[in-house]
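Take a look at the structure below.
Residue numbers begin at 1 in each chain, while the letters A, B, ... track the order of the sequences. Owing to the predicted nature of the structure, the values given are computational and were not obtained by experimental measurement.
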Amino acid sequence: MSDRIPNSFFQENDALFVAKNLLGKTLVRQFEDGIIKRFQILETEAYLGEDDLACHASKGKTPRTSVMYEEGGLVYVYLIYGMYWMLNIVTGSKDHPQAVLIRGISSCIGPGRVGNQLKIDKSFYGENLELSDRIWIENSDFSGEILQTPRIGIEYAGDIWKNKPWRFILIPD
DNA sequence: ATAATGATAGCG
DNA sequence: GCTATCATTATT
């Protein structure tokens, strides 16, 4: 009963739309041992292009950010504070660097915990969500209330970008 | 409140 | 090369 979201969804919409619309959807991970686990996406953040000083792409195209310059539907991961892998989904068309950070799923809240739980590491950099056999996203029905707040942990980004309400939280019924 | 922990960007 | 910084979390 799988209903995998095609990459066209990530390519044809910007990070803001995708961040909001990934809430309630099902993040699927098949582990090394073949066990498949499903999680509901509960919290996301949008990072929106080179102008967005909170977005890593504001530094331009580097080895770390290059995947964001590809078409949507790829995975962007990076290590933060030497210990946490952040899981992001690239959105938009080629050369429009954007991504959505997965900050919370049904089993845990907090991007570092998500990376831990899903056993994310550098090998996921550039993973294709439409083709991968270890991580993908499925459509699913849900009901709940959606909250919107400023993004977390980006004090460096300056008032304009720091205050953008680009964090989305689902409170299930 | 702060330590943990290492890749990365920016500077030389 | 060197170093400050970091889309965080567990512990005091």
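Residues A:Thr65 and A:Lys59 are not in side-chain contact: their nearest non-hydrogen atoms beyond the backbone lie 4.5 Å or more apart. At a threshold of 4.5 Å between non-hydrogen side-chain atoms, the residues A:Ile154 and A:Trp161 do not count as touching. By the 4.5 Å heavy-atom criterion applied to side chains, A:Ser106 and A:Leu27 are not counted as neighbours. At least one side-chain heavy atom of A:Phe39 sits under 4.5 Å from a side-chain heavy atom of A:Gln117. Under the 4.5 Å side-chain criterion, counting only non-hydrogen atoms from C-beta, A:Phe124 is not in contact with A:Lys119.
Here the side chain of A:Lys59 is nearest to one of B:dA9, C:dA7, C:dA10, namely B:dA9. Nearest nucleotide to the A:Met83 side chain, out of C:dA7, C:dT8, B:dA4: B:dA4. Of the listed nucleotides (C:dA7, B:dA7, B:dA9), B:dA9 has the atom at the smallest distance from the side chain of A:Pro63.
A:Met68 has its CE atom 11 Å from the P atom of C:dA7, to the nearest Å. For the pair A:Tyr125 OH and B:dA7 C1', the computed distance is 13 Å after rounding to whole Å. Residue A:Ile120 contributes atom CD1, which lies 17 Å from atom P of C:dT8 at whole-angstrom precision. Between A:Asn88 atom CG and C:dT8 atom P there is a gap of 11 Å when expressed in whole angstrom units. Rounded to a whole Å, the CD1 atom of A:Ile154 is 14 Å from the C1' atom of C:dT8. A:Tyr156 has its OH atom 16 Å from the P atom of B:dT8, to the nearest Å. Distance CG (A:Leu53) to P (C:dA7): 12 Å, rounded to an integer number of Å. Rounded to an integer number of Å, the gap from A:Leu48 CG to C:dA7 P is 17 Å.
Taking the C1' atom of each, C:dT5 and B:dA3 are spaced 16 Å apart, rounded to whole Å. Atom P of B:dA1 sits at a distance of 22 Å from the matching atom of C:dA7, rounded to the whole Å.
Heavy atoms of A:Gly82 sit under 4.0 angstrom from at least one base atom. Using a 4.0 Å heavy-atom criterion, one finds that A:Leu101 contacts the bases of the nucleic acid, with or without backbone contacts as well. Across all strands, A:Arg64 comes closer than 4.0 Å only to sugar-phosphate atoms, never to a base (heavy-atom distances).
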- Message: Give the dot-bracket line for DNA chain B from 5' end to 3' end: parentheses for intra-strand Watson-Crick or G-U pairs under 3.5 Å, square brackets for crossings, | for inter-strand pairing, dots for unpaired.
- Response: ||||.||||||.
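Look at A:Glu138 and A:Arg38 and you find a salt bridge, because one of the NZ, NE, NH1 or NH2 atoms lies within 4.0 Å of a carboxylate O, short of that distance.
Shortest non-hydrogen contact noted between A:Ala57 and A:Glu50 is O-CG, 3.3 Å.
If you check distances only, the side chain of A:Tyr78 does reach the base of C:dA7 with a donor-acceptor pair under 3.5 Å.
Remark: A:Tyr84 is not in phosphate contact with B:dT5, judged by side-chain N or O atoms under 4.0 Å from OP1 or OP2. Close to C:dA10, at under 4.0 Å from its OP1 or OP2, lies a side-chain N or O of A:Arg113.
Counting non-hydrogen atoms of other residues, nucleotides and ligands closer than 6.0 Å to CG of A:Asp33 gives a total above 12.
Nearer the 5' end of DNA chain B, as judged by each residue's closest nucleotide, is the contact made by A:Tyr81, out of A:Lys122 and A:Tyr81.
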